[in-house]
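Contents: one structure, followed by commentary.
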Protein chains: 2
Amino acid sequence: MQPEGYWVTIETMSHSGQEFGWAEQLQAAGHRLTAPRRAVLRVLEGARTHLHPEEVLERARLIYPGLGRATVYRTLALLTDLGLLHPIRLGGSPRLARIAEGHHHLVCLACGHSFSFEECPERELEAELARRFDFEIKGHLLEFYGLCPDCREAEDA
Amino acid sequence: MQPEGYWVTIETMSHSGQEFGWAEQLQAAGHRLTAPRRAVLRVLEGARTHLHPEEVLERARLIYPGLGRATVYRTLALLTDLGLLHPIRLGGSPRLARIAEGHHHLVCLACGHSFSFEECPERELEAELARRFDFEIKGHLLEFYGLCPDCREAEDA
DNA sequence: TTGATTGCAAATGATTTGCAAGGTT
DNA sequence: AACCTTGCAAATCATTTGCAATCAA
């Protein structure tokens, strides 16, 4: 019954036309660039997986040991406001793998493992939607849910 | 800074080939069909939006007043195990609209409003991925993130 | 009957907030 | 100097769990 609960994973936005690093964008928006923030940014920018806030904390503390948990949350909120991050929450997965700038997953509903793929058939759709809704689209997330081979096997047994 | 926090929204799985109602599927899986569960099921099956557990509780209490919060969570977990529900968590949106069986949203990063659309360009991709990863795919979620016309305007001002 | 299920209340876990101290511009 | 940021600890909010009573099969 998925006793593990759920996790917040951080979803970096794709094709946002990022000309500057996050640090610069943070400053451009009038925020100060402090050592704690730098540490968090470095972790996030370098992440090859979705990270929980707690993981961000752990890793960022390797860079800036005194870092407080609240600062991580505050920085995540800040980046979310700037449209650089988007929090999502998925149940059942101990961890979600992700390829650098892609946001395309295949998530197993049973074991929670996820697989990434690169195909992105939404480009045309994106343009069409941008036009129809007059939206400025910054990124997307495409996830398929199902059963992986191992779990299907286990289920049959 | 999005003081509202985040919400759990319930994502019904699409094209799952549902031949029976959830009540039947629950029983088929060996679970008992109780009044509290019936109430929750009725709310979920009738929902035209993503619902937070708290909303499910509120609505289900209209049907079965004595309903306890824990039972809602337990039932949601049960349905998740059966692959009928999938919990997701999105930040920044007060509510997420959704069209009956579609799971295609356009979410404004600023105001959190969401718009639904029907196009679904992933059918072929789904088949291709199912083959490549040997996955049994049950549903999917496609979300675009961006800025709606109103918020873009407000931002420019 | 008999084990599954329930509501309640307490326990847990995650996230947010108040505040005095410290850091950035 | 002025005000933004920080870390800490306390507060809050969401979710889970223990348990005795109740209910579906």
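Proteins come first, then strands; the chains are lettered A, B, ... in the order of their sequence lines, and each starts at number 1.
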request  = Start with the C-alpha gap between B:Leu26 and B:Leu79, add the side-chain angles, then the distance that decides, and say whether side chain to side chain contact (heavy atoms under 4.5 Å, CB included) holds.
outcome  = CA-CA 8 Å; B:Leu26 209 65; B:Leu79 293 170; 4.0 Å; yes

Does the side chain of [X] get closer than 4.0 angstrom to OP1 or OP2 of [N] through an N or O atom?
X       : N      : value
B:Arg37 : C:dT6  : yes
A:Thr34 : D:dT6  : yes
A:His31 : D:dC4  : no
B:Gln27 : D:dA25 : yes

request  = Hey, which sits more toward the 5' end of DNA chain D by its nearest nucleotide, A:Gly30 or B:Leu33?
outcome  = A:Gly30

Figure out the [atom1]/[atom2] separation between [X] and [N], and round it to whole Å.
X       : N      : atom1 : atom2 : value
B:Arg74 : D:dT16 : CZ    : C1'   : 9 Å
A:Leu67 : D:dG7  : CG    : P     : 5 Å
B:Arg61 : C:dG7  : CZ    : C1'   : 9 Å
A:Leu57 : D:dT6  : CG    : C1'   : 14 Å
A:Tyr64 : C:dG22 : OH    : P     : 12 Å
B:Leu78 : C:dA4  : CG    : P     : 13 Å

ask   = If you pin B:Gly68 and B:Arg32 to their nearest nucleotides in DNA chain C, which one's is more 5'?
value = B:Arg32

ask   = Is A:Arg69 touching bases, backbone alone, or none of the nucleic acid, heavy atoms closer than 4.0 Å?
value = base

ask   = Tell me, do B:Arg37 and B:Leu78 make a side-chain contact under 4.5 Å, heavy atoms counted?
value = yes

note = Considering only heavy side-chain atoms of A:Tyr73, the closest of D:dC8, C:dT15, C:dT6 is C:dT15

message = Do A:Tyr73 and A:Val56 land in one hydrophobic cluster if side-chain heavy atoms of ILVMFWY residues count as linked below 4.5 Å?
response = no

message = Quick check: closest heavy atoms across A:Ala39 and A:Ala60, and the distance to 0.1 Å?
response = CB-O, 3.8 Å

remark   = So CD of A:Glu24 and CG of A:Leu33: to nearest 0.5 Å the spacing works out to 8.0 Å

